Structure formats: C-alpha cells, structure tokens
Amino acid sequence: MQKLKNSEDNKSNDKSVLVIGGGVGGIRSALDLAESRRNVILIDKSYSIGGLMTQLDRTFPTNNCDLCTISPHLSENTRQIHLDLKPMTQLEQLTGETGNFKATLVTEPRYIDMDKCTACGECYKHFPEAVRFTPGLDPRAPTCMRYPQATPYAFSIDIEKITDITALKKVCKADAIISDDTQKKIVIDVASIVLSVGAEMFDPSVLDNFGSGQFENVVTGLEYERIMSASGPFQGDLVRVSDKKRPQKVAWIQCVGSRGINKADVPYCSGVCCMYALKEAMVTKERFAESIETTIFYMDMRTFGKDYELYLNRAKNDYGIRMIRSRPHSIIENSKTKDLSITYAVEEAALQKTEEFDMVVLSTGFRIPETTIDLANRLGIELNPHNFAKTDHFNPVVTSKPGIYVCGVVESPKDIPETMVQASAAASMAASDLPAIMDMPEDENTFVPERDVSGEEPKIGVFICDCGLDIGGVVDVDKLVEFAGTRTDVVVSQAVGYGCSSDSMALIEASIKTNNLNRVVIGGCSPRTHETKFQDLMRRAGLNKYLVEIVNLRDQNTWAHMGQPKEALDKAFKLLGIGISGVRKSRPLMDQTLPMNQNALVVGGGVTGMTAALQLAGQGVKVYLVERAPVLGGLAKSIRKTIEGDDVGPFMNQLIDDVTAHENIQVLTRSIIVDHSGIPGRFKTGIQSGPRMNYMQLDHGVTILATGALQNRPDAYGLGTHNSIVTQFDLDALIEDDPEKIKAMNQVVMIQCVGSREPENPNCSRICCQTAIKNALRIKAIDPDIQIFILYRDIRTYGFQEDYYREARNLDIKFIKFSIDNKPEVWVENDRVSVFVDDMILGRKIQFETDCLALSTGMVADDETTEDLSMMFHLPRTLDHYFLEDHVKLRPVDMSVRGFFIAGTTHSPKTIRESITQAYAAAGRAQTLLAKKEINLGASIAKVDGTKCAACLICVRACPFSIPYINEDGYSYIDPAKCQGCGVCAADCPAKAIQLLAFEDDQIMAKLDGLFGGMN
Amino acid sequence: MITAEQKPLNEIIAYISPYDRILLVGCNECVTVCSAGGRKEVGLLASALNLHFLKQGRTIDIKEMTLERQCDPEYVEELVSEIDRADAILSMACGCGVQTIAERYKEKPVFPAVNTKFMGASESQGVWVERCKGCGDCMLGITGGICPVARCSKHLLNGPCGGTSNGMCEISPDVECAWCLIWERLKALGMENRYEEIMEAKDWRPAGGGGPRKIIREDLSL
Amino acid sequence: MKTESKLEKVLTSGALAVTSEVGPPRGAIPEKVRQKATLIKDHVDAINVTDNQTAMVRMSSWAAGVIIKQMGLDPILQMVVRDRNRLAMQSDIIGAYSMGINTMMCLSGDHVKFGDHPMANGVFDLDSVQLVQTVKKMRDEGKFQGGAEIKTPPKMFIGAAANPFADPFELRVMRLAKKVKAGADFIQTQCIFNLDKFEKYMEMVCDRGLDQQVHLLAGITPMKSAGMARYMKNKVPGMDVPDEVIKRMAGVSKEEQPEEGIKIAIESIQRLKEVKGVHGFHIMAIEWEEKVPQIVEKAGLFPRPVL
Amino acid sequence: MENFEPEIVAFCCHYCAYTAADMAGSKRISYPSNVKIIRIPCTGKVDAIHIMKALEKGADGVYVAGCLEGDCHFKNGNTRARHRVEYVQKYLEELGWEPERVAMMNMSAGMGEFFARTALEFTQKIKQLGPNPIKHMNINKNQKAVS
Amino acid sequence: MTLQTKFSKEEFVILAEMNTPKGVDISDLVTNVRHLKSRIDAVVIPDMDNGVMHMSALAGGAIIRQQGLEPMIHIYGRDRNRMAIQGDMLAAHVLGIHNLLVVQGENIAHGDHQDAKLVDDLGELDLLGMVHSLLKGTDLAGFELKGKPEFFTGCQVQPIRDDDHLEEELKTAKAKVDAGAQYIMVPPVFDIAYYTQILNKFKSLNVPVIATVFMLKNVGMARYISINDPGSKLSEALITRIRKAKDRETECIHIAGEMIKELKTEVAGIKISASGWEDRLPAILDCAGL
C-alpha cells in the first residue's frame, strides 16, 4: 500500500511550505508545490482530505465529479519525496517570520496505524458508533470515496465511544489498532504558509421564515447535492425526505442568508449559488425526470464566469428551467402532505402569488467559522470586515503578513475554477520564499527495479472498478469479472471497487506480486486521465509500465450508454476482450527522455504577462516577454482606478520598471510571433520584431499566453456618434483627467450589458457591473448632486463587490432593470442625448435627458490574435474566441497542449486583480514543468527492423518531422529522441519494417481479434 | 527500379478461383519500393481476397510470404517448405520474379498479381515516372542526361517534333517535352552545339530487337 | 537538277511555288481522291498526299499518290515515321518511285494517341531527320539505310516539315538546319498565323544562310470560323494563333467569317511573298480544297508557270 | 435483418477523437453502443491493412476519426489517413463491397456531441447496408471450431 | 555572369535576402543557399540588420561566394568609421564580393545593443563617394591604392510614408545615383498598383530598380505592418485573404509569389525578404513561376 511519509522520516532539513486545509484549493497548492519539487506539508483537521467539493454531486459544465482528474498528474515518486500529508492535524502556534517560520502542529490521535489499516471495514462492522469513517450513510458526511478525498484511506476511531478496546483489537485483522495513541505535537521549520481552510456553508435553520431544519422537504443546496449523490443517503435517488417519493415540483430560493441586511444575513454575495442552483436544476431534469418542474427564485442571476451565461441560456432554453425574479419572504408547510407553499411577488404584474412545491432548496452561501478567526489570530493575519482574509489589493493571495498566502473561499467567496487559480497562485507565491527553482537538485528514483518478463507466458490479471455507481450502477461488475476470468491467459479477475483508490491500488499491487502476473488490464475510466496512475502502480509492483492496458468502461461505455444497461454490458464484454487480447501482445518498453529547456516564453506584455514574467524570473527562469505594441502595459494602462480606490497608474509603472530592469527577462516589444515548433519542454518559436521585422527564434520549455482582450466598442446606443456617449473606459479617464467636466453634469445614465449577453456575444463581460458602480461612486464623490441612473439586466457584483453596490444604492444611485427584449432606446436631438427605458416596476416608459451616457461595453476577445496563435500553437478556443483551457473547472490555467498556460483576459474577461492572480497561477503551473530537468517522450516511438527495410525512402519522405534517414548500413534509422510517435511511417512502410512501439500491428490485430472473438 | 502496379482484383480473383490454397508471395526489392508488392501490399491483397471469397461463402487458405528477391533462385528456394501446401502461387513480384518462380516450381501454376510497368524513378512520394527503356546503347552522355528514347513520346533522336507547346509534349500537358528538357540542359551546360549533330538511325538490336537479351560475365560465371 | 520533280523545277526557276494537299479518304474510294485533286489541279504545282493524317487510318498515301499521278498531276508523297519501320518505309519509297512519284515529305507524324487507334504501337524506328537522311542516301549514294546497294535508286526530291512556332523557339532554326544538313531539299512549314514571329524566324533562317540551301514554302491555312481559330489556338499542339486574328475573325458575323478567313490567308501570302527566304506557299485548306483556287488567284500566284 | 446490430470499429486518435468520445461520455450524450473504439496516437498510424483486417474479422463498418483538417497534432496524419481510407474504399468497390462501410471523420477534442452524432449516423448507415457480407462465414467458422 | 552584366542585358534578376547567424553555426545559411543555388542570382546579406548583432556581412558574403553564388552585402556608417569600412571594402573585393548596397544603419534603439556607441562617420552619400574613390584607386585620404577594387554599388530607399516623403526619397535617391549608385533598391509595398506608381518614379533615374518582396507569415504580422507602416499600403483585403485561407502559411507563400509575378514586368529585379523563412523561398519561387 502506498503510504505518505510521516514527518518522523522526513529527513530533509530543507525548508517546506505548510499548506493548511486539504480542500481542492489546498490539494492543488500542495500538488503544484510538490510537482515543482518543493517540499510541502499538507495538514487538515479532518481524518481525510477533500473538503467541500467532495460533497458535491456533479459540477459544471460536464456535470460529473471530476475531482479524481486532479490526481494523476503527480507521479507517485514525486508524491513520496515531496508531499507530506498530515490528517487530523492543526496549527497550534506560529512564530518567526517569512522564510523562517516555526510552526507547531498538533495531530490528534487516530488510534489506527495508517500503514497497517486496509480499510477492510471490520471495525466499522462491529463498532459502528466508534468509527469515524462512515461511508454512505450520514448524508452530511464527506463520503465520496474517490481519490483524494479518501486519502489517507484508513479508518479513524473515536476512542471515547469505545467500551471494549480489546474486542476492537481482536476484530482488526490488520493489527492496526493503537489503543494508546496520543496527541502528537511537533515543531517544524517552514518558509511560507498557504492558508486554504475554505469556509462553512451557512446554516439557514437560524432563519425562522424558511423552515429549514423544521420542514423535512426544505433542504440546503448542499443537502440536495447529497441526496442526488450516488454515495448519498438515498444511493443517488432523488426523493423527498418526508415520504421518499420523487418530487415533481422543486424550487430553489437564492441568496438565503446572503446579500441581506437582516440579523442573520451577510451583506456579500457568495458568488457560487446561482451556478449551483442552475446545475442542480439541470441535473434534476437530466438524471431523474424531464417532467420535474424546476423553478429558481432569484434576485440577480449572477452567471458572470467564463461561458456561464451559455450555461444559463441552456438551463432556460434547453431544459426549460423557470426563473422568477423575486425574493420570497417565507415558506409554509402543509402539515399533512408536507408540501410547501411559497408566496412571491410577480415583478411584471406587481402582485403577489402563492404556489405549491414538493421540495424547496435553499441556496446558501459561505460563512467564515469562528475556528478560522482563531486560526487567523494565531497566524497573525488580518481579516476584512466580513472575516475573510484581508489581502493585497493587487494580489489577492497575499495577506497582511509576509510569507502567509491564502487561496480559495477563505480569501473571498468563489467557485472551484477561481479557487484552483488562486491555489496555484498561492503555491507560486509561497515557493518564492524558497530557494529558486533553478537551483534545486534532481530527485532520485524510488521505484523498485523492473522484473524481466521476457520468456514468460502471459499471465494476465484483470481488475474491474465499479467507480461508485458510475460503472457498477449501469453494468453488473460481477458478470464482467466472470467473463474476463474465462479468457485465455487470465489468471486473476476481480472487482476492486474504486480502482483508483489507494486500497484498491494496493490490492492490485499485491495481486501482481503474489500471482506473479506479468500483464494487467484495468477496467475503469479513460486512460487519458488514469493511465499514468496505473503505470506508476505497475512500476511499484516491479513491472514495466507498458504492460498495463486500461479499458475505458466508464467514459466510453457506462456514461454514454447509461440508459441501455444491456447494450452497455455487451459492449463492456467486447471492450474487455479488446483489452485482454491487446495486453497479451504488449512488451516492456523504455521511455525516451530529452533535456528540458528551462526558458519561458510569455506572450503579451500587459499586467498579466508582466506579472507572470516577473514571478518566473524571480525563480531564476530566463523569460522572453513578447509584446506587439511598442511599450509594455496593455489594456490596464488605460485604467485609472480600481473599485477599491487604488491608483492603477503607479502600480503599472512600478511593474514595468521591475520587468524592464530584471536581468532574467528579455523584453521584446514590437514583436510578432510567426512560427512555432517543438514539443512541450523544447519549444522553438519564431518572432519578428522591430520596425524592420527582424526574425529570431526563441528556445523555451513553457509558454504563457497573456495576450489579453480588447475593449468592446460595439455599434450600439449611438456610441461614436456623439461625444456625450462614451464607454466606461472613456468615463474612467474623464473622471480622473477632467473632474470639472464631470462637475458640470447634472444627470448621468449608464447602460449595462452593451454588446454582451447578446446573441452575437452571448457571454457576460464580468467586469462591467463593478466598473459602472466604480465610476458612479467616483462621480458621486466629485459631486453628490449628480443624478445617476444605471440601466441593467442583472447586477453582478459578486463577492465583496456587493458592498459597493449597496453603497451606490445608499448614495441614491438609481438602478433600473430592463430585459433583452425591451432594451433602452437612445435619441440624439438638438445635440442632447435622451434615453428611454420601460420601467418594469412603474410599468411605463421613462425618459432621461443625460449629460453623459456611459455604456458598459466590457471586453471582447481579440479574435484575430487568438485565431492566429491558436493555429500556430494548435490550441483550442471558445466560441467567442477566448482561449479554451484544458479543464474549465480543475485546470483553468493549463492548456490542452502541455507546456502552455493561460492567464488574464485572453482566458475570459476579468478584473486586474483577477488577472494578476491568474498570472501568478500560470507562473506556478509553469514551474511544475520547469522544475524538471528532462522531458519524458514516452516509449511510443517508431522502430525500424533493418532486416526487413528495403530502404525505399517512403518513411523518409512521409515523416511530418523529417526524422528518418537511411543510415550507413543502408536501412532507415529513426532517432528515438526525435521521433514524435505519430506512426505515419509505420503505416506507410511497404516492407512492414517499421513498428510504432506500444501500438504495434500485432497489438492492433490482437485487439481486433479480441473484439471479434478470434482468440478468447 | 522496376515499377509495377497491382492488377485489377477481378483478374487476380479469376486466376486463383479454382484453387483453395494460395501461396501469396511478395518481393522485398523494387515492388516494395514502389509499393506494389511488398509485405504491406501482400497483407492487403490477402485481406481483400479473403473478403471476396468469404463473401462467396468460400474459405480459401492464403499463406503470405515475402522474399528478399524473387528474381534470384536462391531466395525463391525459400518457398520450398510451403509449396506442397499450396495449390497455386500468386506472385506480387515483377515479371522476372514470376518467371523465376514458374521455372523453379514447374508443377504449380503461378499467377502474376501485379502488372510490371517500366523502369522508373520516383519523382516524389507516391509518384513514379519512366526514365529508361533499357535500349542497351545509352546515349544520355550526349543528350544532357535526359533520355529521348524513354521520355520522348515518339522516341525522336534529333529534336522535338512540331507538337511541343510551352515545353510540354503534344500528347498531354502533363508530360514534359523531353527535347525541351534536353535543350535547356544543353544550354545550361554550354553544349548547345551538341544539338546540331545529327544522330544517326539507332541500332535497336541491343534494345531487344535482336531477341531476348542476356549478359554473360565470363569472369563471374562458374 | 537532282530529280525529275516538277516542284524542283519550279523552285529552281526562281518562281514562287504553290503546293496544296489532298487527304486520302477513309475507304477504298479512288474517286474521292480524284475529285479533290481536280479542284486544285490548275492552281498548284504539286499536291501533298497525307499519310494517315492525325493518326487516323486512311488510304495509303502512296496509293492515293499514284491515283493523282495517273491524273497527270504531281503528287508529293508524305511519309510519317510513326507507322512503319525502316524496312517498310524504304520499300514503300522504291514502290512509289516506281509508280512515278518523285517528290516526298519526311515527317514524324502525329502521335497515335490522337487518332482512331490509340492502342497502336508507335513505331518510330527512325525519326524524321533520319528518314531524310535515309532517302538522301538512297538517292545520292544508291544505298539502303543498312548499307546494301540499291539497283536503280529512287531519285526523290526530299521535303521536310518545320514548325516555326513550337517550343523552344530558339531551337526551331537549329532544327531546320539539322534537316537541311540531313538532306532536305525543300521545307513546308506549319500554318502561319503569327506573321511577326514568322518573319523573325525567317530572319534567323537567313542569318544562318539556310535560305540559300533549302526552299522554304510557307504554310497557309484559311480559317472557316472564329471557332476554328480558337480551336487551333487552344487545342492544336504547336500552333500559334495570335489573339488579334481571333478577334478579327470574331469581329464579323458568322456568315462572313469564312470570307474573312480567306481574306486573312490572302493577305498573309501577300505579306510573306516579300519575306526573304520564302520560296513558295503550301496551302492547307483542310476539307476546303475548293477555296484554294480563289486564294491562289487573289494572292497573285496565278497562273502557275508551265515548265 | 430488423434486429441487426452492427459491430463497428472506430480507430480514434488520442488527441482529438478519443478525447471527444470521452467528452461525449462525460456529458452523458448517448450514442449507439455498437461503436467500439481502438485508440491510436494519430490517425496517420492507421494502415489500410488495419481497416481491411477489421472487415475481414467481421466488422460491419470501420471508421477512422482524427483531428479536424489542419489541426492534426502531428501536422498531417489525418490527411494521410483520409487518403488511405479512400484507397480502401476504392479497393472495396473493386471487390463489389459497399465503400460506405469505411469512412473518415474529423473532429476536435471538444466535439463530444459531434462524436455522438457521427457515431449514430454511421451506425444507421451500416444498419441500412446490412451485415458484413462475410459475417455468416465467421459464424460458420466458429461453429466449426466448436464442433 | 555577374549581376551587373545581367542588369545590362536586362535579364530579370532575383535576389534573396539572408541574414548571417547570430553565432557561428552557419549550417542553416549554407543549407538555404544550396537549395536556392540554381534559382536566384545573388544573395543579399544585411549587416547587423535591425541593429541586432550578427556575424558580419563580409564573412557572410564570403560564405555565399564559397557556395558558388553571388553575394551582395550591405554597407553603412553606423558601426564603423571610414578606416574600418575602407579596409573591409578592400577585403570584400579580395574575397570575391563585388556587389554593395549602401544602406542607412537601423536605429539601434530597436536592437539588442542599445547602449552601443554610434559611429556615424560616413553617411550614405559619403559611402557612395568612398566607393567611387576606391574604384578610382584612391582612398578617402587621397592615397593611391595598390590594385583597384571592383564594385557594383547600389543604394536603398527608405520605407515611404506618404507622397511628400516619396518626393523627398526620390530626391535623395537622385543624389545617391549622382554620387555613384548603380541601382536602387525600393522597400516593400503590398499594393501592386501603388507600387508600380512608385517604381515608375524611381525608374526615371535611369538605373536598374529592384523591388523588395517582403514575405508575410501570418495575420499578426500583416496587421502589424498595416498599422505601423501605412506607406506599405497593406490592405484589409489582404489580411482577410490570409485569415480566410485554409492554410495560412501556403497562402502567404502564394501572396509573395504573386507579388513577384506581377513585379516581374515592372522592374529590373526583385529582392525577396523571407526573414528567417528562407527555407520557404523555393516554394515562393515556384508560385512566382520562376
């Protein structure tokens, strides 16, 4: 069983980074640090890590649990050397200062030896009340058993509840019970700290109007997730708590406990509830019944993230989810039926309406618990008025105390992608308190030597995951096991639960050893995500990692055919047949490696690109910063102030100075990228620069894309026809440069969503609401008598921006809602600008004669540039021409081509602060690659059999990379270090003298045989 | 190299239909290089024949083999172990290979699976062009390295006919006029005057006009 | 005088010679030959008899030539190297000469691809230059190409073709020189439409003194329509029809186009008469033989000298 | 033939089509289970022989799915694959088989819906064409092997 | 045949610009030259182009000569004084480099040695005068040379900003011709009609005019030029054409090829500047039908 190192044998005196909190953010930070070969200690007060996300059922946009996709990117080797996980551990005291902290950690007794426990469940069976590991029963428990939530995969004993310790010891076959386990206290040296403790979800039972905790069928969003989850209380069946019947009418009430002024309310917006409500409503219809009526009561629909608006449109148009803009006051339960009635105001008709629902979900937001406030005190960091960590205005992961960084919800309410970005950013910042990455020594290999299996008859072991219900819920895993067992050469066939969980992995490893297996088939999810993990397993078991075949039973079978279990089962048989037959022909192979180029190319010299460049340069990385404009600065140069009131100019000037002066950064302005080649870790990019377009080629190992976006200037509302009609960008400058002109105004009108959330540009520009409010507040500061009207569709002041929204309303700035079907009209007559809008509440058209019409136009992607670059770099883009990251939730900074990272507004619209965060994150992610001294090219390369080769030159001509040549012996030679492994030559070779390793013809034929029963 | 091209499948099928066990023999020389009869094409043809006969409800046994060179008896000898198990031999080699096999295994019918085309060179990937007619009396030395016998549609030896336009032959705008090429080359070499010498009527005996040709190297013969 | 050829006589006299041609029929119809020959008999000095023109099978040229000879006219035997090897060609030459044919043209011939037997094997045992050489050797040395002696050698007046317009242009004069060197007594050129280019060609011919060594008959073809002009330009290999000519043809109504074509032919002859080195005209009125007299007359080449 | 469920082999490149298939799964987009994917690094690796052998072994239809034209991870593997598929189609035509039994498709990694749609369309097409003409032979052969 | 004779015979001359390496690895340069050997008439070697330090043009020229092609090297006064330049010129002659192009040294503010000291001892006209003097057998100080060098020397026109600037450049060019420039190299323009107009003006100076064909590589580069060099008349249509193309690189090669085709009848020669993409020059020439 793979074990994480205990601190006792953590011999290194090297400074570590302490990550507090093992939720997704903490895990991401820890993994980033470990992957860039920094020592990291991850502590969590719970007995296993995973945090809040593990309680969610499915997440946007693919509506599946993706947490498991985090793990495979870290090889076991790295994990063992650099990552030290301490569950049930808390920070007691912190002394010292950045670079030289001394942290006192206290680990509570587990009463279980984690090295021995196999999580067999015997203890739980006999002493259920005493075991803190309770999968699948408590609806509130984090019970998703997928890695790494169930890390470490071991039980924990609540000693106070145990009466007969000897009896307990007896039932434990593994002899893992430590009855005299005690609290342990250690003091460690850490250079820096990442605080990632998240927050709690608000408990609405303190409110008396919604009946939470009182009415059985009123649940919180998180409880609803648990109900729908396969590992939840009803095994993934959506039923009412009261009568276990499928609800037919479900309502969501948004902003419960948030954006309020009442006693138990918090004023800020939690930022995530709109999306999760939409997701829950959609999943309800998708998984349970199309006919279930779903209604969301909301104040503003805040789908401000990347492609979130499309999600909203999908919910409305494709799923028919009803949205009602209203804040219901209370819920009344019918005591007999347990149905729930909601009374709400109908906006258009200005009347009250009552409607009955089977279930009501309260969308609650985040709260900082007392324990976090305590922890902050112990750490010595300041909190903001809402008790979230107070952070730097231009760098949200930096706290008031040097050396302590934050990420995730403890910084401010946010969703998973933003948490992931901050986690990588915090890791990157924390690493800068350690010695530079370029000076780090090589890691040693901890794998056991490989067993030579040549000459052995195939002995195949088949292991099949049920992946919770994802596989086992659709097909009968036992039947698969039975089927596989009948195939030739299969000596072991068994089901392994979650195959990627550490106990299953240990079980497989043990089986390989005891049964002397030499080939392994894993039936589970996609090899794209899990092949590395199982290859590591093979290496630990002493087998070559190419002797394993992953059969994609989940992504390409049970997920796709969940409605047709019979067909899925038949297909599963066939797929296993393919895999077993294929693995029989597999051979041990050696990976090829090349030295890594440790330079970085940063494309775009705006605030994002400069920040990323500086961060990498600080780590000793040579950075080429390429900018097409004559000067650095980008879009941020045209912004004067942030909503927090900070001056952007001086900040930018400082940044530009730092970048220009840095010895590791070569700034290339007036430069255009013209060509690109190479492989991750060894890229070659051609640029032309200067007035005469001088050509040069840059060698680099990683690329950060920070090309930004453009100010949107759509042809709308008379923009460009009258000098009183301006964009918010223009207004921002005007306020700063000519306050007298502002003073002369009487009335200012702003229109939101101009050129955004429209069919031609369907997404939300994210920044416009806060920009409008920022400018409005500044105008009010110049002259409080100026009347300001903001015409909007939804106000999306997420997080603490809500404070400014409230302030604006307090200052009598008027907000008037309009709908997309009934947009305001703008007239210019006699040099006067008039705006007409239908006031929904008043139910009539109103007119403003305005001195300044400010259009919130937001930004649009730089289509021409992203298109050019996407073609050269072979990177995907979104429909609205932003770059598309590898995984919208879990890998928001990585691109689909390894070695490419993305940050700033070329990813999606965002504020300067958010761009900076992502810049740090990109720099951090880039370091995970740059930390390697060599790149692994894999073993899939073309190999020539000289005796068969006719030296026909067909491969020489066919190779897209011009690698093969005819050697002195008169046959084709393919340099393994250069071969990219496409296999074109192998397919074209008329003498069949070339084979692509790992995809040899006999293997492909064997797979076909396996499919068609030629060999069983 | 000798170039070849696979025969239409119908023709091949007609040849081998009467037999149940076929020995399908490729050659690792010229026909491999021109992708007509190497290991890969042998595999493809075998597969195609299987598809055909299986569709008809027949299973035939096709044994695939590829020899280093089918035009050398020693290599052809390698078939000896398989020959008894075959009713007929299908050869993917050039005519020389087919005949070498036919000569060695007189008791078995041998059929060609390719049409032997010409002596050619590869112009680019997948394109082969005729370059030599094997006339036995090479005149490339005086035609700037471009052969009018092989490359002029009329084998003209004294210059282009009147049908040349834009440097292309009258038979097709895709065929270069050999004489235009020769002329350009001679000019480039400063050998324009070569052109004016009349090339006398060619002696076609070395080209095969005198019956099947043979080369005998006394010093090498045993 | 090398031969008894009437054409040789006309040319030696210094008069501008006029020849035209008759394509033998695709069938055993001797009347057809006679008919065609009759149309032009008074207006030309000799009549080319084509040899499986455009690679289509026709009555053999020497047979048709004999028919014409029997009419008391002077045929020019065309012989292409495409269809016969050196044996057949030499035997046909002796045969033709024995039937009174004393003038011949040595040609390459259109490729079989264009004809009605594209599957035929083009022989090309000799090329046209070598055929000229062979005929000359037969006549002057009394030897067959292989070296054997000929009893009573055929005294042929030897002609060859030249296309001043095919590529490469610079090679055209050299090729002519080669044919002259091989023994050509007269040359008939491809149809001339691009007079400027032809004049340039003739300048080069004269520069090399070839006009002193060979009689060159300029090829003239009257066009029936603009469509034909375009066809010749685009489809017939080695043909140079300038756009102005097409424009001029297309500039008149369809009915007037044949007349315009004849006008152009006449004007061409009139212009080329003045060109140094042009010793006559070869009028190729393809399937339009009836217009030859009109052209000859209007071009001032009538009456033909009587020798 | 109404209940004919064709067996279809799809050679999918790792970078695009295979990922698209995963994407279809993760979005729970259903497509016919008849399609069985064999993963290859690039469609340029797919040899005409692989396609022929798949048919020979009993596939009712075979398709090769690679990246969008111009987007091949290995420059032009997908265009080469297209030529090979066309070559096999010609071969099949000569044999009197329906060339539509084999096909080339192009998609990007994100086109999960498209993957599902093409899988469905191809399956429907093969259903129209009916079983692989030699399939009954295989069954016979197997039966023979058993007896 | 030398470049000069080709011009005098009015043959269309094709020049390709190739930079020397920044370093001593000349393999790319040599490979590119070999591929082009039979297809171009001379290779133009810029010297520290864009103010970026490279191997000197003199050495580059010598390498080209070794490869059997004719070199043409840039000379300018930014980095060397009259002693150094004259010395280099004599060396050039001896190394077989007989074609010179007098250029204005690029502003080093855009280069990679921005703190270098500017020499600027001789301007363009002075350089032409210097060459003239060397040809006559005397150096700039009036001393007699032992053996006279032979050069075919031309001058360069700066990128044209607008019509006024055109007139100014025309005047300058005339002065250069008067000072001994034997040909004129005109900067790239992407609008053929407009280019023809410019070329005609320069043709009136009665020396061979060489047009420059600058290879675009993608939309970004085209956009950059259209914004920063309005005088190049790079049209929106051209940018759209590249954007719409299925294969942008091939399209760019076609564009360059077409430019050459159209310029062929207008000028005595062209210089192709592929800046780093010299390996694509054969394809460009194919497209130009050369």
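Since we're looking at a predicted model, the values are computed, not measured. We name chains A, B, ... by the order of the sequence lines, and we start the count at 1 in each one.
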How far apart are the C-alpha atoms of I38(D) and L1008(A), what are their side-chain angles, what is the distance that settles it, and do they pass the side chain to side chain contact (heavy atoms under 4.5 Å, CB included) test? CA-CA 9 Å; I38(D) 291 184; L1008(A) 289 172; 3.8 Å; yes

At a heavy-atom distance under 4.5 Å, which candidate from [options] has the highest pair count against chain A?
{"options": "G112(D), C42(D), S33(D)", "value": "S33(D)"}
{"options": "H50(D), H14(D), K53(D)", "value": "H50(D)"}
{"options": "A81(D), A59(D), A116(D)", "value": "A59(D)"}
{"options": "A54(D), P41(D), A24(D), C72(D)", "value": "P41(D)"}

Segment of [X] engaging chain A (4.5 angstrom heavy-atom cut-off):
{"X": "R39(D)", "value": "both"}
{"X": "C13(D)", "value": "neither"}
{"X": "Y18(D)", "value": "both"}

If you apply the rule side chain to side chain contact (heavy atoms under 4.5 Å, CB included), what do you find for I40(D) with I1004(A), and how did you get there? CA-CA 9 Å; I40(D) 32 151; I1004(A) 291 175; 4.2 Å; yes

Checking heavy atoms, do the side chain of [X], its backbone, both or neither come under 4.5 Å from chain D?
{"X": "K992(A)", "value": "side chain"}
{"X": "M1005(A)", "value": "both"}
{"X": "Q564(A)", "value": "side chain"}
{"X": "A998(A)", "value": "neither"}

With distance as the sole test, does [X] use its side chain to make a donor-acceptor pair with the main-chain N or O of [Y] at under 3.5 Å?
{"X": "K75(D)", "Y": "C959(A)", "value": "no"}
{"X": "H561(A)", "Y": "S30(D)", "value": "no"}
{"X": "K57(D)", "Y": "F1012(A)", "value": "no"}

Between [atom1] of [X] and [atom2] of [Y], what distance do you get to the nearest 0.5 Å?
{"X": "D886(A)", "Y": "T19(D)", "atom1": "CG", "atom2": "OG1", "answer": "9.0 Å"}
{"X": "N34(D)", "Y": "K574(A)", "atom1": "CG", "atom2": "NZ", "answer": "9.0 Å"}
{"X": "D570(A)", "Y": "E5(D)", "atom1": "CG", "atom2": "CD", "answer": "9.0 Å"}
{"X": "F74(D)", "Y": "H874(A)", "atom1": "CZ", "atom2": "NE2", "answer": "11.0 Å"}
{"X": "M23(D)", "Y": "S526(A)", "atom1": "CE", "atom2": "OG", "answer": "11.5 Å"}
{"X": "E1000(A)", "Y": "K45(D)", "atom1": "CD", "atom2": "NZ", "answer": "8.5 Å"}

List the steps, then state whether side chain to side chain contact (heavy atoms under 4.5 Å, CB included) holds for L1011(A) with V9(D). CA-CA 9 Å; L1011(A) 173 57; V9(D) 176; 3.5 Å; yes

Can you tell me which of D1001(A), D988(A), V897(A) forms the most heavy-atom pairs within a distance under 4.5 Å of chain D?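 Greatest number of close heavy-atom pairs with chain D: D988(A).
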
Between K571(A), E567(A), K1007(A), who has the most heavy-atom pairs with chain D when the cutoff is under 4.5 Å?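 Among the listed options, the one with the most contacts to chain D is K571(A).
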
Exercise: identify the closest heavy-atom pair between Y31(D) and A560(A):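 Closest pair (atom of Y31(D), atom of A560(A), distance): CE2-CB, 3.4 Å.
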
Regarding D22(D) and R554(A), does a basic nitrogen lie under 4.0 Å from an acidic carboxylate oxygen?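 Judged by the 4.0 Å cut-off on N to carboxylate O distance, D22(D) and R554(A) do not form a salt bridge.
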
